[in-house]
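Worksheet: the structure to be examined is printed underneath.
Both ligands and their constituent atoms are indexed starting at 1 by order of listing. Keep in mind that this is a model prediction, so the values were computed, not measured.
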Amino acid sequence: MIKRLCWIIGSVLILFLIVVFAGINQWIAASSRVVSIVENEVLSVDPSFYLETRTKVTNTYRFSISTLLTENEQMNQSVQTWVRREEEQFLAYVERNKRIFHEDRRAQLHIYVNMNKVTNDLYGIILDLNESFDEVKKRKVIKTFNLDLVENKILLLTDVLNLDGSNLNDIILIIKKQLEMEANSRKDLGEWLEKTLKSPDQLNWLIEQNVLTFYFNDFPEPVKVDIPVEHLTSFLKENIIQRLNIKIVQKEEVVLDPNGKYIAITFDDGPSPSVTPRILDILKEHHVKATFFMVGSQVEYHPLLARQVADEGHEIGNHTRSHTDLTKLSEEQMRQEIEGASQTIEVVIGQLPTCFRPPYGAYNEMVEKIAFENDSPIILWSVDSLDWKTRNAETINNLVLEKIFPGSIVLFHDIHPTTADALPTLMTALKNEGYRFITVSELLTLQETN
Ligand code: ZN
């Protein structure tokens, strides 16, 4: 009797468990039914890399993830750890909010991978993450890895840049300036950037042959900043300079004859796209090096042209940020004008201006003090071509030839077409009189040694 009772109770219990189990199963199936799944599709994309893709679609979410794998487990782990964490966070969010997702409204996570071959043993991996839960809750993130296939490791920023001492602050300044130039509307980036940049380990960056790119993710869309490597040569590690085969341009030393008839010709207020390129061509044709006192705002408007002037071997001077009469300004405004232009020039050209010319030649003791602190000698002129006034090639030539003497600094403006018109004849005439052309700094050195 007892045996039979146990038998009945046992059967009922089993039946009950089956029903409960089936119920749970059905409930699980309803909450995340897998529609399709493609796992571990591995392709060889480069002798050193494999592309791994995984896609999964359920009734609540869809993800597709592609990553690159190498033959080195440690490097793979860093990349995969990041991907897994993103995936887990995504799935956890979907799980917590599963009621709001369904077949017509799936949560989405897509991670695409891009590879950037820098050299045979330096590669960049860029993971481009797009996550969206609804119209508002969306996220775009760029994650980068720099792979060193010689050392078999993922490079840290400190493997590439020397961040000791004040270097980090200098680099922050370069990045900030570059950002301001690229996106004029993003002046609000300052403080936020400072915060992000102060923890270099958290940075997303990519080294390439010619640029070091930084990605900032804290904004709705990742912000990308390219810094030309020639602006960073003083910070780059020797090993990287060699591996990237970066040519550090050394200025050729000009041997000056102490008894030579030297003059320095200078151009103010540019660069201007309508005149400066013509002047550059003329100078090149006559093998003449000149000094260009650039206005900061012009350099910001025409960065490529400014860089071209420097690349062609001319000296770059500072002519303030917005070409104002400095003697009418407060000390702080003066600093903004002088140091602001210096910083712009440094960012665009990769070197600080070597000298300074105040607009209208107007300066006072405070201007002198600031120029001195910035290691920028104040340079005026000894011969004014009056090109801004006469706007006539022949008049310009006659005036300069009449006033010129050995050691003089001649003032021109590379914003008037008539100045460019005057130059070819003038240079031929000056050369015929035995004059040789040097930059302002060379002229100063010559005068110091004499
Ligand atoms: Zn000027």
Side-chain angles (χ1 to χ4, degrees), residues 263-280 282-283 289-303 305-310 314-329 333-346 348-349 352-364 366-368 370-372 374 376-393 395-396 399-400 403-404 408-423 426 437 439-441 443-444:
I263 52 170
I265 60 170
T266 64
F267 296 95
D268 286 11
D269 300 358
S272 81
S274 57
V275 179
T276 312
R278 271 183 69 203
I279 290 185
L280 287 178
I282 297 164
L283 295 177
K289 297 285 181 258
T291 305
F292 288 76
F293 288 94
M294 295 185 175
V295 174
S297 58
Q298 289 297 108
V299 174
E300 281 185 28
Y301 289 135
H302 312 292
L305 184 53
R307 202 173 289 174
Q308 189 191 342
V309 177
H314 302 292
E315 183 170 16
I316 309 298
N318 177 343
H319 198 41
T320 73
R321 197 174 63 178
S322 62
H323 205 276
T324 43
D325 181 348
L326 293 171
T327 58
K328 297 202 163 66
L329 302 181
Q333 290 169 321
M334 273 181 201
R335 284 192 187 278
Q336 285 169 357
E337 280 292 329
I338 299 172
E339 290 165 2
S342 273
Q343 285 168 9
T344 303
I345 289 171
E346 186 182 21
V348 170
I349 293 167
L352 281 164
T354 43
C355 45
F356 168 64
R357 175 175 284 165
Y360 319 107
Y363 67 99
N364 55 22
M366 185 54 76
V367 174
E368 277 182 301
I370 299 171
F372 179 77
N374 283 276
S376 265
I378 293 181
I379 304 291
L380 298 182
W381 55 88
S382 34
V383 176
D384 186 348
S385 70
L386 296 179
D387 60 344
W388 52 276
K389 196 167 159 189
T390 61
R391 309 275 182 103
N392 178 292
T395 323
I396 295 169
L399 192 138
V400 172
K403 299 262 166 89
I404 199 89
S408 49
I409 296 175
V410 193
L411 168 65
F412 294 101
H413 296 82
D414 56 330
I415 50 171
H416 306 302
T418 39
T419 303
D421 296 341
L423 284 178
L426 181 60
F437 303 85
T439 65
V440 161
S441 289
L443 195 67
L444 288 186

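Around the Zn ion (ligand 1), the protein N, O or S atoms found under 2.8 Å comprise Asp269 OD1, His319 NE2, His323 NE2.
In this structure, Ser385 and Leu411 approach most closely via the heavy-atom pair OG-O, 2.7 Å.
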How far apart are the C-alpha atoms of Leu386 and Lys403, what are their side-chain angles, what is the distance that settles it, and do they pass the side chain to side chain contact (heavy atoms under 4.5 Å, CB included) test?
CA-CA 12 Å; Leu386 296 179; Lys403 299 262 166 89; over 6 Å; no

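Here the rule is side-chain contact (heavy atoms from CB on, under 4.5 Å) with Tyr360, and of Leu326, Thr324, Asp325, Thr327 only Asp325 fits it.
A distance of 9.0 Å separates CG in Leu329 from CD1 in Ile338, rounded to the nearest 0.5 Å. The structure places CD1 of Ile379 at 7.5 Å from CZ of Arg357, a figure rounded to the nearest 0.5 Å.
Look at Asp414 and Arg278 and you find no salt bridge, because none of the NZ, NE, NH1 or NH2 atoms lies under 4.0 Å from a carboxylate O.
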